[in-house]
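Have a look at the structure below, then the notes.
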Amino acid sequence: MTQPIKTPVKTDLFASKAPLEWAVIANGQLSTAQIPIDQEGKVVEGGIEAQARQTMDNLKHTIEAAELTMNHVTQVLIYVTDRSQLPVFNKVYAEYFSAPYPNRAAMIVAGLAREEMLCEVVAYAIVPSQD
């Protein structure tokens with residue numbers, strides 16, 4: 001029997017109805033995308049700071065659910081819907097990482113999957129081999 005190509009990470013995040021996993025591990029790497037939703041699957045209110053914090057909390061929860069730490073994160077892609085949101089997102093983001101920081105890119109986009117979403121994060125983390 002062949003091994004699965006990817007393994008989903010079990011989290012306590014809202015169970016999306018969309019065809020997705022909050023994170024998968026394959027080839028020694030965790031891949032995840034996180035959005036600013038609460039336990040009920042609702043986008044949090046309170047502007048970019050509240051949404052950035054919820055998104056980063058969801059990322060941290062997912063990383064820890066995979067039995068990793070934020071130090072295992074190697075790359076982060078940040079999406080915001082307005083350039084003015086980036087300094088606020090950066091302030092929140094800095095609370096979750098310490099040097100050496102992950103490689104990072106930030107993009108200003110016209111919109112995200114849900115109209116009320118102001119940010120989204122895609123992250124990759126190294127998964128040390130268990131041998």
Side-chain angles (χ1 to χ4, degrees):
M1 187 169 141
T2 53
Q3 293 285 5
I5 295 171
K6 60 186 175 279
T7 304
V9 174
K10 179 164 176 15
T11 71
D12 292 330
L13 298 177
F14 176 76
S16 176
K17 293 170 187 58
L20 63 81
E21 298 290 346
W22 284 119
V24 295
I25 294 174
N27 200 28
Q29 178 177 276
L30 176 141
S31 302
T32 186
Q34 297 296 327
I35 59 177
I37 60 170
D38 62 18
Q39 288 295 104
E40 285 79 49
K42 294 185 174 83
V43 174
V44 297
E45 296 179 356
I48 186 61
E49 185 165 357
Q51 288 197 17
R53 189 161 311 284
Q54 184 69 55
T55 300
M56 294 303 295
D57 282 348
N58 291 349
L59 173 61
K60 187 172 190 280
H61 168 79
T62 300
I63 295 296
E64 291 174 352
E67 298 181 358
L68 302 172
T69 70
M70 294 296 272
N71 286 330
H72 288 95
V73 177
T74 57
Q75 185 174 43
V76 179
L77 308 175
I78 298 166
Y79 300 86
V80 293
T81 58
D82 190 273
R83 191 172 308 279
S84 66
Q85 297 163 341
L86 204 49
V88 178
F89 194 100
N90 282 338
K91 181 173 86 71
V92 173
Y93 177 94
E95 297 172 20
Y96 290 82
F97 292 106
S98 56
Y101 299 101
N103 173 263
R104 195 183 102 161
M107 287 138 288
I108 291 80
V109 296
L112 294 162
R114 294 193 193 178
E115 188 177 348
E116 64 274 27
M117 283 177 25
L118 304 175
C119 60
E120 183 165 356
V121 165
V122 173
Y124 304 96
I126 188 74
V127 178
S129 66
Q130 301 296 316
D131 24 77

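Heads up: numbering here begins at 1 and tracks the sequence. Only heavy atoms go into these numbers, but all of them, side chains included; no hydrogens, no water, no symmetry mates.
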Heavy-atom pair of closest approach, residues Pro128 and Leu68:
CD-CD2, 3.8 Å
Cut-off 3.5 Å, no hydrogens considered: what does the side-chain donor-acceptor table look like for residues 112-126, sequence neighbours left out?
unit_1 : atom_1 : unit_2 : atom_2 : d
Arg114 : NH1    : Gly41  : O      : 2.6
Arg114 : NH2    : Gly41  : O      : 3.3

What donor-acceptor contacts under 3.5 angstrom involve side-chain atoms of residues 76-83, with partners at least two apart or in another chain?
unit_1 : atom_1 : unit_2 : atom_2 : d
Thr81  : OG1    : Gln85  : OE1    : 3.3
Thr81  : OG1    : Gln85  : NE2    : 3.3
Asp82  : OD1    : Ser84  : N      : 2.9
Asp82  : OD1    : Ser84  : OG     : 2.5

Leu30 and Ala66: which non-hydrogen atoms are nearest, and at how many Å?
CD1-CB, 3.5 Å
Are Ile25 and Ile63 co-members of a hydrophobic cluster defined by side-chain heavy atoms under 4.5 Å apart?
yes
Tell me every residue that passes side chain to side chain contact (heavy atoms under 4.5 Å, CB included) with Asn90, counting only those two or more places apart in sequence or in another chain.
Leu86, Arg104
Kindly write out the residues that satisfy side chain to side chain donor-acceptor pair (under 3.5 Å) with Gln51, not counting sequence neighbours, or none if the list is empty.
none
Using a side-chain heavy atom cutoff under 4.5 Å and only I, L, V, M, F, W and Y, what cluster partners does Val24 have?
none
CD (Gln75) and CG (Asn103) are apart, to the nearest 0.5 Å, by 4.5 Å
Give the table of side-chain donor-acceptor pairs shorter than 3.5 Å for residues 14-21, with sequence neighbours excluded, one pair per line with atom names and distance.
unit_1 : atom_1 : unit_2 : atom_2 : d
Ser16  : OG     : Ala18  : N      : 3.0

Using a 4.5 Å cut-off on heavy atoms from C-beta on, say whether the side chain of Met56 contacts that of Met70.
yes
For residues Ile35 and Trp22, determine if any side-chain heavy atom of one lies less than 4.5 Å from a side-chain heavy atom of the other.
yes
Does anything in residues 22-35 pair up under salt bridge (charged side-chain N to carboxylate O under 4.0 Å, His left out), and if so which pairs, sequence neighbours excluded?
none
Applied to residues 40-49, the side chain to side chain donor-acceptor pair (under 3.5 Å) test, sequence neighbours excluded, yields Glu49-Lys91
Please walk me through it: do Glu95 and Arg53 pass side chain to side chain contact (heavy atoms under 4.5 Å, CB included)?
CA-CA 9 Å; Glu95 297 172 20; Arg53 189 161 311 284; 2.7 Å; yes
On a heavy-atom basis, which atom in Ala52 and which in Val92 lie closest, and how many Å separate them?
C-CG1, 3.9 Å
Those residues that, when tested against Gln39, pass side chain to side chain donor-acceptor pair (under 3.5 Å) (two or more places apart):
none
The complete set of salt bridge (charged side-chain N to carboxylate O under 4.0 Å, His left out) pairs with one or both residues in residues 58-70, sequence neighbours excluded, reads Lys60-Glu64
Enumerate the residue pairs fulfilling ring-ring contact (aromatic ring centres under 6.0 Å, His included) with a member in residues 83-108, sequence neighbours excluded, ordered by first and then second residue.
Tyr93-Phe97
Identify every side-chain donor-acceptor pair in residues 5-13 under 3.5 Å, counting partners at least two apart or on other chains, and give the distances.
unit_1 : atom_1 : unit_2 : atom_2 : d
Thr11  : OG1    : Leu13  : N      : 3.2

